[in-house]
Amino acid sequence: MQMVGASPAAWLGKAFAILLLIIFVLFFITPIAWLLLAPAKTERQLLLDGPFALGSFSTLADNWQSLVTFQGGLIWTWIGNSAFYCLSALAITLIVSIPAGYALALTEFPGRRLLLMATLIVMLVPGTALVLPIFLELSAMKLIGNPLSAILPFSFFPFGVYMTYIYFSTAISRDLLDAARIDGASEVQVFARIAMPLATPVIALVAFFNFTGNWNNYFLPYVTLPGRKSPIQVGLAELLSNVPSFNPTSAGSTTISLSALALATLIAVAPVMIVFIFAQRFLVTGMTAGGTKE
C-alpha cells in the first residue's frame with residue numbers, strides 16, 4: 001500500500017499551531033516564573049539583572065523579615081481575616097446550596113421552575129455590578145466594617161445551587177431514593193443518608209469554587225472592610241501603595257520593597273494552591289459525574 005505523506009500546507013498549519021501554543025505558554029509562564037524568583041532578589045537585582053537570574057537565600061530571608069514585621073505583622077491579620085470570612089461563608093453556602101439543589105432537582109413544589117429560572121438569571125449578573133446595591137443594603141443595616149459585610153455576600157452562591165441541581169438531576173438514581181422512601185425513610189433521612197454521601201464530589205466542587213472565588217474577591221471587601229479588618233487581597237493593594245516604585249509619595253512613611261510584595265503575593269496565593277492540590281481528586285470526579293445519565 002502506497003504511503004501518502006502530508007501536504008506542505010498541512011505541515012505548515014501544524015507548525016503554526018505549535019508555534020502559537022508555545023507563544024501562549026511563554027506568555028503565561030513568564031510572569032509566574034518571574035514572581036517565583038523575585039522574592040530572593042533585591043530591588044536593584046530586579047531592575048538590573050535578567051528576569052530569570054537567581055537570587056539568594058539571605059535576600060529571601062531579609063524580604064521575609066521585612067514583610068512579616070510590616071506594621072506589626074499585619075499580613076498575618078489579613079490572612080486570618082480571609083480565612084475567617086471565607087470559611088464562615090463556605091459553611092453557610094454548603095448548608096444552603098446543597099439542599100436547595102436537591103429540592104430543585106428531585107422534588108416538586110409551587111414556584112420551582114420560577115426559582116430555577118431566577119437562579120440562572122442571577123448567575124449571569126457580573127459580581128461587580130452587585131457591589132453598589134449590596135453596599136447600600138449593608139449600609140442601611142449598619143453592617144459596614146462588620147465581618148458580616150463580607151460573610152453574608154460571600155455565602156450567596158447561585159452557581160453552587162445550579163451545580164448541585166445538575167448533579168442530583170443526572171447522577172443520582174431516583175430508584176435508589178424511592179427504595180429508601182418505600183423502606184420508611186423520611187425525606188430528610190433520604191437526603192442525609194442517601195443523597196448527601198453520594199454527592200460528596202459535587203459538594204467538594206462547590207466548596208472549592210466558593211472558597212477560591214471568595215479568597216480572591218477584592219472589590220466588595222475593599223468598600224466594606226477597611227483597615228485591619230481587610231482580607232489579604234485588599235491588603236496586597238495596601239502593600240502596593242507602600243512600594244516607592246509604584247507610589248513615590250510613600251517614601252517618607254513605612255515602605256516595603258517590590259521583592260517583599262512579590263513574596264506577599266505568593267503567600268496570598270498559597271492557600272488556594274494547597275486546597276487545589278489536596279482536593280483535585282474530588283474536583284475531577286465532581287466535574288465528570290454530572291455528565292452521566294442514570
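No experiment lies behind these values; they were computed from the predicted model shown. For the numbers below, each heavy atom of this structure counts, side chains included, while hydrogens, waters and symmetry mates do not.
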Would you check, one step at a time, whether the test side chain to side chain contact (heavy atoms under 4.5 Å, CB included) holds for Asn63 with Thr42?
CA-CA 8 Å; Asn63 289 327; Thr42 64; over 6 Å; no
Value for CD1 (Ile18) from CD1 (Ile23), rounded to nearest 0.5 Å, stands at 12.5 Å
In terms of heavy-atom contacts, Asn81 and Ser230 come closest through ND2-O, 2.9 Å
On a heavy-atom basis, the closest approach of Ala180 and Val190 is CB-CG2, 4.0 Å
d(Ser66 OG, Leu261 CG) to nearest 0.5 Å is 10.5 Å
Using the rule that Ile, Leu, Val, Met, Phe, Trp and Tyr join whenever any side-chain heavy atoms are under 4.5 Å apart, tell me whether Val206 and Tyr165 fall into a single cluster. yes
Check your understanding: Hey, quick one: are Tyr85 and Leu74 part of the same hydrophobic cluster, counting side-chain heavy atoms closer than 4.5 Å, chains of contacts allowed?
Key -> no
**Request:** Run the numbers on Ser259 and Ser257 for side-chain hydrogen bond (donor to acceptor under 3.5 Å, both in side chains), then give the verdict.
**Result:** CA-CA 5 Å; Ser259 304; Ser257 68; 4.6 Å; no
Indicate, with yes or no, if Ile194 and Ile98 share a hydrophobic cluster defined by side-chain heavy-atom contacts under 4.5 Å among Ile, Leu, Val, Met, Phe, Trp and Tyr.
yes
One should read off an interatomic distance between Ile172 CD1 and Leu198 CG, to the nearest 0.5 angstrom, of 4.5 Å
Sequence neighbours excluded, the answer for salt bridge (Lys or Arg N to Asp or Glu O under 4.0 Å) partners of Glu43 is none
Rounding to 0.5 Å, atoms CD1 (Ile29) and CG (Leu26) come to a distance of 8.5 Å
In the single-linkage hydrophobic clustering (I, L, V, M, F, W, Y; side-chain heavy atoms under 4.5 Å), do Phe157 and Val122 co-cluster? no
ILVMFWY network linking Met196 to Ile166, side-chain heavy atoms under 4.5 angstrom: yes
Per side chain to side chain contact (heavy atoms under 4.5 Å, CB included), Ser97 is matched among Val161, Asn210, Thr119, Ile92 by Val161
Specify whether Trp78 and Phe70 have parallel, tilted or perpendicular ring planes, treating 30° as the upper limit for parallel and 60° as the lower limit for perpendicular. tilted
Should we count OH of Tyr162 as having more than 12 external heavy atoms under 6.0 Å? no
In short, Pro39 meets Leu266 closest at the heavy-atom pair CG-CD1, 3.7 Å
**Message:** Once you measure the plane-to-plane angle for Phe276 and Phe208, does it fall in the parallel (<30°), tilted (30-60°) or perpendicular (>60°) bin?
**Reply:** tilted
Output for pair (Ile267 CD1, Ile75 CD1), nearest 0.5 Å, gives 4.5 Å
Heavy-atom closest pair (Ala89 atom, Phe154 atom, distance to 0.1 Å) is CB-CB, 3.3 Å
In this structure, CZ of Phe52 is separated from CH2 of Trp34 (nearest 0.5 Å) by 11.0 Å
Within a reach of under 6.0 Å around CZ of Phe109, are more than 12 heavy atoms found that belong to other residues, nucleotides or ligands?
-> yes
- Query: Are Phe209 and Met163 close enough, and set up right, to give a side chain to side chain contact (heavy atoms under 4.5 Å, CB included), and what steps lead you there?
  - Reply: CA-CA 11 Å; Phe209 282 119; Met163 278 197 297; 4.0 Å; yes
Begin from the C-alpha positions of Arg181 and Gln189 and carry the test side chain to side chain contact (heavy atoms under 4.5 Å, CB included) through to its verdict. CA-CA 9 Å; Arg181 295 186 184 100; Gln189 290 174 324; over 6 Å; no
Report task. Begin with the C-alpha distance, continue with both residues' side-chain angles, and end with the deciding distance and a verdict on side chain to side chain contact (heavy atoms under 4.5 Å, CB included) for Arg44 and Leu47. Result -> CA-CA 5 Å; Arg44 180 178 176 83; Leu47 295 175; 6.0 Å; no
Could you go through residues 126-151 and list every donor-acceptor pair under 3.5 Å that involves a side-chain atom there, pairing it with any protein atom two or more places apart or in another chain?
{"unit_1": "Asn146", "atom_1": "OD1", "unit_2": "Leu148", "atom_2": "N", "d": "2.9"}
{"unit_1": "Ser149", "atom_1": "OG", "unit_2": "Asn146", "atom_2": "O", "d": "2.6"}

query: Just wondering, more than 12 heavy atoms not from Tyr218 lying within 6.0 Å of its OH?
result: yes
Tightest non-hydrogen contact, residues Tyr102 and Glu187, listed as OH-OE2, 2.7 Å
What one should report as the nearest heavy-atom pair of Ser82 and Pro231 is OG-CB, 3.1 Å
